[in-house]
Student: 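This is the structure I want to talk about, given as structure tokens.
What you see below is based on every heavy atom in this structure, not just the backbone, and it leaves out hydrogens, waters and symmetry mates. The structure displayed is predicted, hence computed values, not measured ones. Position 1 is the first residue of the sequence, and the numbers go up from there.
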Amino acid sequence: MTYRIERVNALLRQEISQVLAADLKDPRLATLVSIVRVSSSRDLRMARVYVSVMGDDSAKQNTLLALKSAAGFIHRSIRKKLDLKNVPMLDFRIDESIEQGAELLRLIKEVAPVTDGEGAP
């Protein structure tokens, strides 16, 4: 990935987060939604936006539906703020890595309890 695409991805992540926090008023959105990362294509026509949603599966699906239906609004909002020839079209996806990491840590603690450093639990 080129340095330019990395910079564009970081800029998109920041601007999308601001739009979600300030401008998007959809009741389907979960209270805690964070943009984990953005991955743009080489030609900057498409960008996959990975979001983390805290909540159950229905909250995740409702949030994903809300984001997909608001993709055009978000695209127009960030296009006004950015000085780019082409602002990528946004494709929102759920990122499960935070939940998977927490589950993995729970399983590790279950198998290997924390010791005090001298071998005794």
Student: Write down the atom of Leu24, the atom of Ala70, and the distance for their closest heavy-atom approach.
Tutor: CD1-CB, 3.7 Å
Student: Heavy atoms only: give me the nearest Phe92-Leu64 pair and the separation to one decimal.
Tutor: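 Scanning both residues, the minimum pair turns out to be O-CD1, 3.5 Å.
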Student: Quick one: do Glu96 and Lys60 satisfy side-chain contact (heavy atoms from CB on, under 4.5 Å)? Show the steps, please.
Tutor: CA-CA 10 Å; Glu96 302 280 347; Lys60 290 177 185 179; 3.2 Å; yes
Student: Working to the nearest 0.5 angstrom, can you tell me the gap between Asn9 CG and Arg37 CZ?
Tutor: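 It is 9.5 Å, given to the nearest 0.5 Å.
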Student: Any side-chain to backbone donor/acceptor pair from His75 onto Val87? Under 3.5 Å, distance only.
Tutor: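 The answer is yes, because a donor-acceptor pair under 3.5 Å joins these two groups.
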Student: Report the C-alpha distance between Arg48 and Leu90 in whole Å, list the side-chain angles of each, state the deciding distance to 0.1 Å, and finish with yes or no for side-chain contact (heavy atoms from CB on, under 4.5 Å).
Tutor: CA-CA 6 Å; Arg48 288 187 178 149; Leu90 306 174; over 6 Å; no
Student: Contact between Val51 and Ile94 at the side-chain level, heavy atoms closer than 4.5 Å - yes or no?
Tutor: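 Yes - at least one pair of side-chain heavy atoms lies under 4.5 Å apart.
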Student: Indicate if Leu84 and Val49 have the same hydrophobic cluster label, given that clusters are the connected sets of ILVMFWY residues with side-chain heavy-atom separations under 4.5 angstrom.
Tutor: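 Linked within one cluster.
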Student: Under the side-chain contact (heavy atoms from CB on, under 4.5 Å) rule, what do Val38 and Tyr50 come out as? Steps first, then yes or no, please.
Tutor: CA-CA 6 Å; Val38 176; Tyr50 295 92; over 6 Å; no
Student: Just verifying a value: how many Å separate Leu104 CG and Lys109 NZ, rounded to the nearest 0.5 Å?
Tutor: 11.5 Å
Student: Can you name the closest pair of heavy atoms from Val19 and Phe73 and give their distance?
Tutor: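 Closest approach of Val19 to Phe73, heavy atoms only: CG1-CE2, 4.2 Å.
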Student: Is Arg93 paired with Asp95 through a side-chain N to carboxylate O contact shorter than 4.0 Å?
Tutor: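 Between Arg93 and Asp95 there is no salt bridge, as every charged N stays at least 4.0 Å from the carboxylate O atoms.
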Student: For residues Ile35 and Ser17, report the shortest heavy-atom separation together with the two atoms involved.
Tutor: CG1-OG, 3.4 Å
Student: From Ser69 OG over to Ile74 CD1, what is the distance, rounded to the nearest 0.5 angstrom?
Tutor: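 If I round to the nearest 0.5 Å, the distance is 8.5 Å.
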Student: Any chance you could lay out the side-chain contact (heavy atoms from CB on, under 4.5 Å) test for Val33 and Ser52, step after step, and finish with the verdict?
Tutor: CA-CA 6 Å; Val33 178; Ser52 176; over 6 Å; no
Student: Do the side chains of Met89 and Leu44 join up, straight or via other hydrophobic residues, at under 4.5 Å, putting them in one cluster?
Tutor: no
Student: Looking at CG of Asp26 and CG of Leu29, how far apart are the two atoms once the value is rounded to the nearest 0.5 Å?
Tutor: 5.0 Å
Student: Can you measure from CD1 (Ile78) to CG (Asp23) and round to the nearest 0.5 angstrom?
Tutor: 11.5 Å
Student: Should we count CZ of Arg106 as having more than 12 external heavy atoms under 6.0 Å?
Tutor: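 Yes - once you tally the heavy atoms of other residues, nucleotides and ligands closer than 6.0 Å, there are more than 12.
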Student: Out of curiosity, Thr63 OG1 to Arg28 CZ, how far, rounded to the nearest 0.5 Å?
Tutor: 9.5 Å
Student: Does the side chain of Arg45 reach to within under 4.5 Å of the side chain of Pro88, using non-hydrogen atoms?
Tutor: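 Arg45 vs Pro88: side chains apart.
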